[in-house]
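Inspection log for the structure reproduced underneath, given as structure tokens.
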Protein chains: 2
Amino acid sequence: MGRITLKELAALAGVDKSVASKVANGLSAPASAEKISRVQALMHEHGYVPLSAARSLARRRNQRIGFLLSANTSLGFANEVYARMLCGSLAVCQAQGYQCLADSWDFLRLTDLQLPENILGRSVDGFILTGGVSDAMLDAIRSFALPFVAISGERLRGSVPVFSWDTAVISREVLEYCRSLNHRRIWYCTTQRLGRENLERQLASFPDLRVEILSRTDPTSAEALAKTCTRRYCQLPPAERPTFVFGASVFCCALANELSAQGYRCPQDISLLGSHDNTLAQYYHPGLTTISENYSRLGQLAAETLLAMLSGKLNHSQAIQQSQSHTNTHYWSFRASTRAIDV
Amino acid sequence: MGRITLKELAALAGVDKSVASKVANGLSAPASAEKISRVQALMHEHGYVPLSAARSLARRRNQRIGFLLSANTSLGFANEVYARMLCGSLAVCQAQGYQCLADSWDFLRLTDLQLPENILGRSVDGFILTGGVSDAMLDAIRSFALPFVAISGERLRGSVPVFSWDTAVISREVLEYCRSLNHRRIWYCTTQRLGRENLERQLASFPDLRVEILSRTDPTSAEALAKTCTRRYCQLPPAERPTFVFGASVFCCALANELSAQGYRCPQDISLLGSHDNTLAQYYHPGLTTISENYSRLGQLAAETLLAMLSGKLNHSQAIQQSQSHTNTHYWSFRASTRAIDV
DNA sequence: GTGAAAGCGCTAACAC
DNA sequence: GTGTTAGCGCTTTCAC
């Protein structure tokens with residue numbers, strides 16, 4: 001290894017290793033000024049950094065958190081949504097001297113109730129959880145008494161600290177937007193049960209709108225759904241066709257492509273509103289108008305809360321409170337895929 | 001914590017903790033069958049998993065690698081290219097019982113020669129390095145005698161194990177493709193110095209093609225470059241305009257958007273070939289033809305090589321050899337943005 | 001087969 | 001101020 005240990009360093013400096021340890025940890029006045037600087041000089045010279053495993057064992061904390069993504073594909077982090085969350089959390093960890101273990105965790109592994117080694121072996125002090133989280137999974141996780149914060153999973157609110165988008169707010173804003181552009185016939189695509197419920201609750205306030213909910217419960221691809229929708233669109237009498245569609249950005253683009261093949265144009269024939277402001281939305285032609293969560297900000301907030309819990313600044317219920325009081329981080333990006341229609 | 005330790009477990013089972021340790025590590029015949037099963041039952045019952053820090057200290061290996069991205073933005077992993085590499089590496093780690101520490105490392109931090117804690121504190125057994133790697137950085141990194149494998153950084157070949165795309169091969173295939181579609185006037189966008197050199201070398205074999213190299217040395221955004229190119233395109237006499245442009249996929253899409261605003265269509269007026277097969281290329285309209293590296297595969301290969309080094313199956317030079325002999329993982333995705341023109 | 005004992009490198013409580 | 005001491009939880013010889 002060639003790496004120098006504290007003991008050796010202390011011997012070189014002619015001090016006890018406990019003194020050297022205190023110097024390494026920047027404790028106030030652990031020794032005479034002269035000795036301190038001697039030790040510091042040696043540390044600098046040898047590029048000494050405490051061995052993380054030894055320090056973890058002695059301190060009983062790892063200065064490390066996990067970022068656990070529960071996805072049904074090994075390509076979970078390739079999804080820009082999760083990648084951005086990770087980036088946000090990573091930035092906070094870096095700023096506060098924490099390490100971040102990334103783990104993409106297959107849904108299926110849950111059936112064994114086989115939690116990731118990271119958690120079981122306590123190699124993280126806490127973790128951030130995101131992706132699809134089932135209740136069974138949550139129970140298993142919770143039984144481990146490791147602090148964690150979730151991102152997404154609106155329904156968990158109240159029992160765990162969770163930073164998530166508020167589908168009630170989102171659906172209201174979307175419907176208001178539709179109305180402001182004079183749209184009446186709307187297709188609203190949502191995958192979450194709660195999102196659907198929140199939408200349905202909103203509908204009472206929008207009796208002038210005819211909203212059809214496109215539930216995508218099974219994991220059909222965006223393309224497949226787009227094809228189905230296009231077929232239906234074409235079969236419908238023109239007066240019955242939606243003039244506005246809301247859905248995931250990839251779905252919107254896939255739909256625009258399919259419709260285009262049938263001769264229908266966006267935004268002339270149909271307005272499309274995406275729910276993720278990502279590279280695709282930004283560069284698609286026409287640029288996709290979106291209402292989107294700020295995912296990296298969400299990752300950041302989650303990490304900040306988690307680290308505050310770890311440092312004892314926040315207890316469980318305070319963390320829950322903080323997660324609930326976070327101001328909504330969603331934002332609109334108005335681009336060219338939506339337009340007002342004549343009344 | 002509530003977590004049970006080996007010592008306690010051994011006491012419960014009425015055996016020495018060294019025996020329990022052997023059972024936990026699955027050593028052959030560490031004790032009588034009866035004792036073994038007694039210990040195993042207890043371990044199962046308590047959900048015992050060795051404490052990772054203690055095990056790391058005793059074994060002097062962490063079963064953990066780092067995935068270091070050197071980027072000039074904290075949003076590095078939001079780039080689909082790097083996210084996919086990470087996914088590939090993650091999958092391998094998972095399969096082989098390793099943990100993966102993700103770290104996005106700002107270029108600027110290099111100036112202090114301040115290496116990430118992960119490396120300095122030896123909290124990883126080795127790491128995968130990707131993104132922009134300067135020579136100074138590489139020297140600093142190398143001096144730490146931790147095994148690592150790089151992804152990208154063609155010029156590093158020979159001195160470190162690096163999995164990278166071969167710009168010589170890519171440029172040849174691109175030019176051949178242009179020729180096969182009867183294109184003569186080509187804009188070829190590349191950011192890397194070596195990529196440019198390799199392209200220039202190829203040009204000798206393609207005297208019939210008029211290739212202009214668009215060097216993007218400064219970090220101008222894809223949009224900015226697209227605007228500049230569009231201006232030039234419009235100013236050029238029609239007979240001088242390129243009929244084929246090769247570049248990063250976002251750039252291609254941005255260019256298509258700009259050109260479209262000026263009334264020029266893809267692929268009717270211009271063929272566009274992207275260098276990354278990502279979500280944008282797939283869903284853009286028209287679908288972007290791409291020649292792309294398989295990034296997740298690259299991440300996978302890098303991790304496999306690194307883990308082989310860590311387990312002693314490969315030494316440094318064998319790893320280099322293996323990285324060089326990897327069959328090219330790039331592939332074409334033919335979509336609608338390119339077309340043959342009349343001669 | 002089994003267990004005693006040393007040690008991994010560091011931290012922290014407590015004397016001096 | 002400084003050093004002594006006792007761990008942290010586990011692995012790994014090495015006797016028995």
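Letters A, B, ... mirror the listed sequences (proteins, then strands); counts begin at 1. Any value given below was found using the heavy atoms of this structure, including those in side chains, with hydrogens, waters and symmetry copies removed.
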(request) Tell me yes or no: between the side chains of A:N118 and B:Q99, is some donor less than 3.5 Å from an acceptor? (result) yes
(request) Establish, from distance only, whether the side-chain atoms of B:N25 and B:R55 form a donor-acceptor pair under 3.5 Å. (result)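 There is such a pair between these side chains.
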(request) Choose from D:dC10, C:dC10, D:dG9 the nucleotide whose nearest atom is closest to any side-chain atom of A:L51. (result)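 In terms of side-chain proximity for A:L51, the closest of D:dC10, C:dC10, D:dG9 is C:dC10.
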(request) Could you please name the option among C:dG9, D:dT12, D:dC8 that lies closest to any side-chain atom of B:S18? (result)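 Taking heavy atoms from C-beta onward, the closest nucleotide is D:dT12.
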What is the distance, to the nearest angstrom, from the [atom1] atom on [X] to the [atom2] atom on [N]?
X	N	atom1	atom2	result
A:D16	D:dG1	CG	C1'	12 Å
B:N25	D:dT12	CG	P	7 Å
B:N62	C:dC8	CG	P	16 Å
A:Q63	C:dC10	CD	P	16 Å
A:L57	C:dC8	CG	C1'	9 Å
B:R61	D:dT11	CZ	P	13 Å
B:K17	D:dT12	NZ	P	13 Å
A:L27	D:dT2	CG	C1'	14 Å

If the cut-off is 4.0 Å, is [X] near the phosphate of [N], judged by side-chain N/O to OP1 or OP2?
X	N	answer
B:R59	C:dC8	no
A:R3	C:dC10	yes
B:S21	D:dT11	yes
B:K35	C:dT2	yes
A:Y48	C:dG9	no
A:R55	C:dT11	yes

For [X] against [Y], the heavy-atom pair lying closest together:
X	Y	value
B:G76	B:Y82	O-CD1, 3.7 Å
B:L310	B:P147	CD2-CG, 3.7 Å
B:I151	B:T130	O-OG1, 2.9 Å

(message) Please compare B:V19 and B:A54 by the position of their nearest nucleotide in DNA chain D and report the one closer to 5'.
(response) B:A54
(request) Mark yes or no for a side-chain to base donor-acceptor pair under 3.5 Å between A:K22 and C:dT11, with no hydrogen or angle criteria applied. (result) no
(request) Report yes if a donor N or O on one partner sits less than 3.5 Å from an acceptor N or O on the other, where the partners are the side chain of B:S32 and the base of C:dG1; otherwise report no. (result) no
(request) Identify, residue by residue, the members of residues 5-15 of chain B with a heavy atom below 4.0 Å from DNA chain D, and return them in order of residue number, or none. (result)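 Per residue number, the list reads B:T5, B:L6.
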(request) Keeping the roles fixed (side chain from A:N294, backbone from A:T329), state whether a donor-acceptor pair exists under 3.5 Å. (result) no
(request) Count the heavy atoms belonging to other residues, nucleotides or ligands that lie under 6.0 Å from CD of A:Q318, then report whether that count exceeds 12. (result)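 More than 12 within 6.0 Å, yes.
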(request) Measure up the A:F77 and A:F67 rings against each other and bin them: parallel (under 30°), tilted (30 to 60°), perpendicular (over 60°). (result)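 The rings of A:F77 and A:F67 sit tilted, inter-plane angle from 30° to 60°.
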